[in-house]
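Labels below follow one simple rule: chain letters A, B, ... track the order of the sequence lines, proteins then strands, and each chain is numbered from 1.
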There are 2 protein chains.
Amino acid sequence: MNEFNDRIRRLQERMRQEGTDGFLVTQNVDLYYFTGSMQIGYLFVPVEGEPRFYVRRSLQRAQVESAFPAVGLGSFRSFGDKVKGDFSTVFSSGKSPVIATEFDVLPVQVFQRLEAAFGAVEWKDGSMAVRELRMIKSEQEIALLRKSAQIADQALDFALSRLKEGATELELVSDIEYRTRQLGHMGMIRMRGYNQELVTGMVGSGSAISMPTGFDGPAGGQGLGPAFPQGSARRAIAANEPILMDIGCMIDGYVSDQTRTVVIGELPEKLQKAYEVSEQILRKAESMLKPGTICEDLYVMALEHAKDAGLEEHFMGYGEDQVKFLGHGIGLEMDELPVLAKGFKYPLQPGMVIAVEPKFTFPGTGVIGIENTYAITDDGFEKLTLTREGIIQV
Amino acid sequence: MNEFNDRIRRLQERMRQEGTDGFLVTQNVDLYYFTGSMQIGYLFVPVEGEPRFYVRRSLQRAQVESAFPAVGLGSFRSFGDKVKGDFSTVFSSGKSPVIATEFDVLPVQVFQRLEAAFGAVEWKDGSMAVRELRMIKSEQEIALLRKSAQIADQALDFALSRLKEGATELELVSDIEYRTRQLGHMGMIRMRGYNQELVTGMVGSGSAISMPTGFDGPAGGQGLGPAFPQGSARRAIAANEPILMDIGCMIDGYVSDQTRTVVIGELPEKLQKAYEVSEQILRKAESMLKPGTICEDLYVMALEHAKDAGLEEHFMGYGEDQVKFLGHGIGLEMDELPVLAKGFKYPLQPGMVIAVEPKFTFPGTGVIGIENTYAITDDGFEKLTLTREGIIQV
């Protein structure tokens with residue numbers, strides 16, 4: 001309960017600074033973050049006082065789950081008037097109140113209905129307020145991320161036990177999904193970005209994993225076809241080629257992310273060398289993972305290191321399909337703040353959780369690299385990922 | 001190739017009728033429907049002439065997959081000018097052209113960036129145009145739905161072979177997911193509605209499956225916790241209680257949907273009777289599944305039948321958490337048109353594919369019912385679902 005009160009208090013503090021009179025939270029993940037409930041509805045947060053959750057379905061369940069009062073939404077037509085009546089100090093100030101909502105995920109159609117329902121209101125984009133609050137995790141949140149990382153580790157062991165020449169990427173990723181699911185993975189990985197999708201994990205090998213994708217990451221994979229053009233393919237895995245095992249897992253809403261490079265036999269020397277560079281970058285990144293480091297400096301360091309190693313054009317994808325980051329925040333969604341990329345000036349703070357993933361792409365040959373999830377602490381970091389490092393030889 | 005040309009031709013015909021000068025397709029599923037590619041970008045469709053796909057990532061892959069020319073998107077700042085240059089007949093008519101896009105899924109933030117990039121344009125909601133085109137499936141689309149239903153049938157057999165007293169819902173749904181995945185399920189089920197989510201399937205039993213949910217369906221399930229408050233729970237399954245096995249599966253983008261009622265032992269007589277009513281409703285619905293039947297009439301029939309059987313308050317959920325439909329269109333997404341509900345005046349047409357799912361909820365006891373996916377044909381229907389009907393006793 002204190003946890004949710006604290007989140008609302010931090011949101012209200014920011015609303016005061018930014019001149020926001022009310023915040024209408026609409027997205028399921030954001031609703032869960034602020035109330036503990038993900039039932040369908042809207043949370044209204046006034047700049048002062050207690051929020052109220054207007055629930056379409058299921059009210060019965062929201063009343064059990066939500067940290068704040070949950071009431072029936074009623075007809076959408078009267079929803080605006082209901083909120084205005086309940087929060088008369090926000091809505092009766094003479095001028096149109098400033099109401100924020102999540103423009104980054106809210107569909108235009110829903111927004112237009114809200115505009116009609118609320119009438120004279122000055123709407124503004126509250127996406128960054130929510131995303132920046134969620135960027136700093138509490139101890140309870142980090143505990144769930146720790147648990148998620150443990151399960152990803154167990155799932156990898158299971159997949160390794162099944163790995164043999166001729167097994168397909170799809171078979172292995174099925175094994176990983178099966179194991180994570182049995183251990184409590186909720187069955188999906190949430191992303192916030194429009195058109196971004198993920199399944200639980202990805203096993204990609206050789207030429208298939210080096211294919212470019214629309215997915216906002218360095219190694220999306222070939223996928224099963226153009227209707228899901230990323231992730232594992234039906235490709236049979238051969239000896240002496242790189243196998244990338246990228247495993248996500250969602251435990252009680254919280255997502256961890258890790259990648260390991262695996263090989264049946266031995267990798268060609270060129271790829272072994274590139275792998276060493278990815279671990280060198282990870283070590284350098286770890287030396288910078290402490291409060292105060294500026295996010296973009298991590299990316300700049302990595303890019304320079306890749307350049308010095310003569311691998312610049314292979315770093316985080318190849319050619320025009322390179323992505324321009326070294327890592328990303330992670331929590332309830334896979335694509336949270338901060339991003340380790342140019343333009344992100346956030347200093348690292350205790351409570352940030354970041355997946356750092358130096359990878360190198362060799363078109364037609366494969367992708368190698370490593371990815372760990374870290375929590376920033378008062379004086380450095382805690383590595384949440386448990387799996388052993390180094391190229392895993394089977 | 002003809003398939004995609006035909007889809008664009010039908011869209012352009014509708015654009016002419018509605019006075020739309022151009023259509024900017026933004027959503028990944030819609031992009032796939034019109035081009036055969038799901039890479040990240042925008043498809044511009046002029047009211048006359050060939051469309052063009054502006055791709056952010058991966059252009060290389062879009063050029064292989066897309067039925068229409070794919071070009072690099074370039075910087076977003078210059079994107080509007082680029083489209084205006086490429087489609088000068090649309091944009092140089094003197095007055096602001098009318099451009100449609102999918103307001104039902106497009107986030108406000110992306111829309112505002114498009115508004116800024118395109119300048120003087122009259123934007124309008126094209127969601128219904130796209131959803132109504134996609135409502136009528138081609139023979140190729142129905143062939144994929146048939147394949148999807150076959151795999152769901154095999155997955156159910158696998159789960160039934162594992163079912164025993166004390167097994168948990170989570171264990172059984174893991175088995176179903178594992179089997180569908182091995183057989184080519186793409187690992188997710190897409191939904192169009194804001195905040196609506198699904199995993200592959202759901203095994204729900206006894207009191208857990210009768211819990212109300214925010215999910216827009218009659219039997220959402222308890223779930224693993226408030227961070228995913230639907231689907232299977234950790235509950236151990238007992239003898240003589242209803243087990244609902246609802247299986248989705250996505251093959252090459254196309255989703256089938258089926259539900260069966262299963263029991264270890266025997267169901268109480270009250271539930272057996274209710275199950276019989278659900279099959280009676282399904283039979284009556286089948287007698288109406290032919291071109292010309294008005295969608296809402298199917299719902300009205302079902303509601304009356306439930307009322308006559310004294311089961312009205314248990315139909316499609318219980319009390320305030322009832323949903324007001326009998327079935328839904330299905331294809332690339334789980335929540336397509338038409339909906340079998342009041343207000344949906346569409347006459348059935350050949351090529352529509354609909355999941356019909358009469359279910360009855362008994363709070364604290366369970367949910368029983370059945371669900372099949374049907375394709376409407378020239379003179380009736382084809383039942384795509386292959387699984388045997390009746391209560392499945394184990």
Side-chain angles (χ1 to χ4, degrees), chain A residues 26-28 32 36-41 56-61 65 72 103-112 125 127 170-171 173-174 177-178 181-182 184 186-188 190 194-195 197 199-200 211-216 223-229 231 234 250 252-254 320-321 332, chain B residues 26-28 32 36-41 56-61 65 72 103-112 125 127 170-171 173-174 177-178 181-182 184 186-188 190 194-195 197 199-200 211-216 223-229 231 234 250 252-254 320-321 332:
Chain A
T26 69
Q27 190 226 26
N28 61 348
Y32 178 69
S37 176
M38 204 176 253
Q39 301 303 318
I40 303 294
R56 185 186 305 282
R57 295 178 73 226
S58 156
L59 176 59
Q60 184 187 323
R61 210 149 157 177
E65 295 166 343
F103 282 8
D104 64 338
V105 288
L106 185 69
V108 174
Q109 211 176 72
V110 183
F111 179 57
Q112 290 181 339
D125 189 358
S127 310
L170 177 59
E171 285 163 2
V173 83
S174 305
E177 289 169 13
Y178 191 42
R181 195 77 166 106
Q182 287 176 318
M186 286 179 150
M188 59 162 44
R190 295 187 172 108
Y194 186 47
N195 288 335
E197 299 178 327
V199 289
T200 300
M211 283 184 70
T213 68
F215 179 70
D216 194 17
L224 293 178
F228 195 76
R234 286 190 182 76
M250 181 169 90
D252 286 339
Y254 285 85
E320 67 180 1
D321 288 297
L332 290 167
Chain B
T26 69
Q27 190 227 25
N28 61 347
Y32 178 69
S37 177
M38 203 175 254
Q39 301 304 317
I40 303 294
R56 184 187 305 282
R57 296 178 72 227
S58 155
L59 176 58
Q60 183 187 325
R61 209 149 158 177
E65 296 166 343
F103 282 8
D104 64 337
V105 288
L106 185 68
V108 174
Q109 210 176 72
V110 183
F111 180 56
Q112 289 181 338
D125 189 359
S127 310
L170 177 60
E171 284 164 2
V173 83
S174 306
E177 290 169 12
Y178 191 42
R181 195 74 167 109
Q182 287 175 319
M186 287 179 149
M188 58 161 46
R190 294 187 172 107
Y194 186 47
N195 288 335
E197 299 177 329
V199 288
T200 300
M211 283 184 71
T213 68
F215 179 71
D216 193 17
L224 294 179
F228 195 76
R234 286 190 181 77
M250 181 169 90
D252 286 340
Y254 285 85
E320 67 180 2
D321 288 298
L332 290 167

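For chain B, the option among A:Asp216, A:Val199, A:Asp252 with the highest count of heavy-atom pairs below 4.5 Å is A:Val199. The choice from A:Leu106, A:Leu332, A:Ile40 that makes the most heavy-atom pairs within less than 4.5 Å of chain B is A:Leu106. Annotation: maximal heavy-atom pairing with chain A below 4.5 Å, among B:Met38, B:Met188, B:Glu65, occurs at B:Met188. Counting heavy-atom pairs closer than 4.5 Å to chain A, the top residue among B:Gly253, B:Gly231, B:Pro229 is B:Pro229. For the options A:Glu171, A:Gln112, A:Gln39, A:Arg190, heavy-atom pairs under 4.5 Å to chain B are most numerous at A:Arg190.
In this structure, the portions of B:Phe228 lying under 4.5 Å from any heavy atom of chain A include both its backbone and its side chain. For B:Asp104, the parts lying under 4.5 angstrom from a heavy atom of chain A are both the backbone and the side chain. Only the side chain of A:Leu170 has a heavy atom closer than 4.5 Å to any heavy atom of chain B. With a threshold of 4.5 angstrom between heavy atoms, A:Gln27 approaches chain B through its backbone and through its side chain.
When every heavy atom of A:Leu59 is checked against every heavy atom of B:Asp321, the shortest pair comes out as N-OD1, 4.4 Å. The nearest pair of heavy atoms linking A:Ser127 to B:Gln109 is OG-NE2, 3.5 Å. Shortest non-hydrogen contact noted between B:Gly225 and A:Met186 is N-CE, 3.9 Å. For the pair A:Pro226 and B:Gly36, the tightest heavy-atom approach, listed with the atom from each and the gap, is CB-O, 3.5 Å. Nearest heavy atoms, B:Arg234 versus A:Gly184: NH2-CA, 3.7 Å. For the pair B:Phe111 and A:Val108, the tightest heavy-atom approach, listed with the atom from each and the gap, is CB-CG2, 3.6 Å.
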Step-by-step side-chain contact (heavy atoms from CB on, under 4.5 Å) determination, A:Arg57 to B:Phe215: CA-CA 8 Å; A:Arg57 295 178 73 226; B:Phe215 179 71; 5.6 Å; no
Applying side-chain contact (heavy atoms from CB on, under 4.5 Å) to B:Tyr178 and A:Gln182, what does each step give before you reach the verdict? CA-CA 10 Å; B:Tyr178 191 42; A:Gln182 287 176 318; over 6 Å; no
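Side chain of B:Arg56 to backbone of A:Gly214: no donor-acceptor contact under 3.5 angstrom is found. Under the 3.5 Å distance criterion, the side-chain polar atoms of A:Arg61 are left unmatched by any main-chain donor or acceptor of B:Thr213. Checked by atom type and distance alone, the side chain of A:Asn195 pairs as donor or acceptor with a backbone atom of B:Thr26 at under 3.5 Å.
Under the side chain to side chain donor-acceptor pair (under 3.5 Å) criterion, A:Arg181 pairs with B:Glu177, sequence neighbours left out. Partners of B:Gln60 by side chain to side chain donor-acceptor pair (under 3.5 Å), not counting sequence neighbours: none found.
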